Amino acid sequence: MPSLKDLRNRIASVKATQKITKAMQMVAAAKLRRAQSAAEAARPYAQRMGAVLTNVAGGIAPGSGPALLTGTGKDQVHLLVVCTGERGLCGAFNTAIVRMARDHVNSLVAQGKTVKILCVGKKGYDQLKRQYEKQIIGVEDLRSVRNIGFGNADAIGKKIISMFEAGEYDVCTLFFSRFRSVIAQVPTAAQLIPAQIAVNDNAATGAQAAYEAEPGQEEILATLLPRNISVQVFTALLENMASFYGAQMSAMDNATRNAGDMIKKQTTLYNRSRQAMITKELIEIISGAEAL
Amino acid sequence: MAAFHFELVSPEQLLFSGEVESVAIPGAEGQMTILRDHAPVMTTLKPGVVEVAESASKTSRIFVRGGFADVATGGLTILAEVALPIEQLDAAKIAQELKNAQEDLADAASDEAKRAASEKLDQINELKVALGL
């Protein structure tokens, strides 16, 4: 049975924790709003980009075109770009992405493929390095970046492309968490290289054939494809950011509520043992008086 | 004049979306003006100024740096790498930015920083040329 002082200390410490989690929840909520609007502002560009790419790629013969579109013709070496958060205290956010990536790695390894991993974000690296230290070829640290700009994503995109051009891998897949709502973040895998083009149903119509391109379709594709990769990375980073704050907000909300429950329970326990103590003392006094 | 739909998007945001009468764009193979019912065309962009005429009296100018213009049956879409409305820029500010960029380039220690600084400098120079300063 803990003493009254122990109980008092325990309540005080839980109260302090509750204050912290409450503050973190509010900070996450404020940042979430910003991250969410950034993610939403970037969506039109990514959508148009996809549409334009579909248009252009629909115009060239299947199987031809730059290597970024068609791939190297092999799928022996896989590069996994795993985007996670830089911080913890966000529930299962990082773990969910890492778990998805890990399942992917294991299934690829079981098929006899070679896997390389590029981590974006410290938390994913921390979790993956225990198991796949040798496969990890790099870590991109974005901790010092407060607002993710297109420049950050572009740098990562260029790195991915230069590695592809150096022939270091055949297939590139991006892992991140798509932001659906504050309580729902969906870990997602998106294939970057070879580029996946949405099939346009009306691509076969005559309007498509009349598409003119300046300077030429090949040249446009050659600039469009690397750009598309950077855009996809950028979208992934923004979605991740919004998901992170969403996850953190709900995790901190839970923590605050749990702390509240605990305070209530401990307070009841404290009051009970205080009353029991008083009753005991009274009995002692009364029985002492009766004995006289 | 008949209006058509025009959208200007940069990676960070949607800058313009609406009905316009004509748009002049700096295409890779020359300046061109898009009107309603233009034949579908796709072009890369040079750094330059996009002139948007919403009506005869209401025009706006936007500086774009690189990107694509896509004319389809639905209208014109410009995917710009960098887009800045001209009203937000003035000569003094650009001169200051230019000076900063030159200093950054001189101070850059690593290759990475040097590359970033020289890219910034190029961008400002292109902007100056585009504005005719």
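Residue numbers begin at 1 in each chain, while the letters A, B, ... track the order of the sequences. Here the structure is a predicted model, which is why all the values come from computation and not from measurement.
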Who are the ring pair (Phe, Tyr, Trp, His ring centres under 6.0 Å) partners of A:Phe179, not counting sequence neighbours?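 For A:Phe179 there are no ring pair (Phe, Tyr, Trp, His ring centres under 6.0 Å) partners, ignoring immediate neighbours.
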Do A:Arg227 and B:Phe68 come close enough that some side-chain heavy atom pair is under 4.5 Å?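 Yes, at least one pair of side-chain atoms sits under 4.5 Å.
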[atom2] on [Y] to [atom1] on [X], rounded to 0.5 Å:
{"X": "A:Arg48", "Y": "B:Thr77", "atom1": "CZ", "atom2": "OG1", "value": "6.0 Å"}
{"X": "B:Asp70", "Y": "A:Met49", "atom1": "CG", "atom2": "CE", "value": "11.0 Å"}
{"X": "A:Tyr45", "Y": "B:Leu14", "atom1": "OH", "atom2": "CG", "value": "12.5 Å"}

Flag yes if more than 12 heavy atoms outside A:Ile137 fall under 6.0 Å of its CD1 atom; otherwise flag no.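 Yes, the 6.0 Å shell around CD1 holds more than 12 heavy atoms from other groups.
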Give the minimum heavy-atom separation between B:Pro11 and A:Phe150, together with the two atoms involved.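 Heavy atoms of B:Pro11 and A:Phe150 come nearest at CB-CD1, 3.4 Å.
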When B:Glu81, B:Glu7, B:Gln13 are compared by non-hydrogen pairs under 4.5 Å with chain A, the top option: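 Highest number of heavy-atom pairs under 4.5 Å: B:Glu81.
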For chain A, which candidate among B:Ser10, B:Gly67, B:Gly27, B:Ser17 shows the most heavy-atom pairs at distances under 4.5 Å?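 It is B:Ser10.
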Pick one of side chain, backbone, both or neither for B:Ala80, based on which atoms fall under 4.5 Å of a heavy atom in chain A.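 Looking at B:Ala80, just its backbone touches chain A.
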Under 4.5 Å from a heavy atom of chain A, the part of B:Val71 involved: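 Contact with chain A: backbone only.
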Checking side-chain contact (heavy atoms from CB on, under 4.5 Å) for the pair B:Met42/A:Val52: CA distance, chi angles, key distance, verdict? CA-CA 9 Å; B:Met42 164 93 202; A:Val52 169; 3.4 Å; yes
Checking heavy atoms, do the side chain of A:Leu224, its backbone, both or neither come under 4.5 Å from chain B?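 Answer is both: backbone and side chain atoms of A:Leu224 are under 4.5 Å from chain B.
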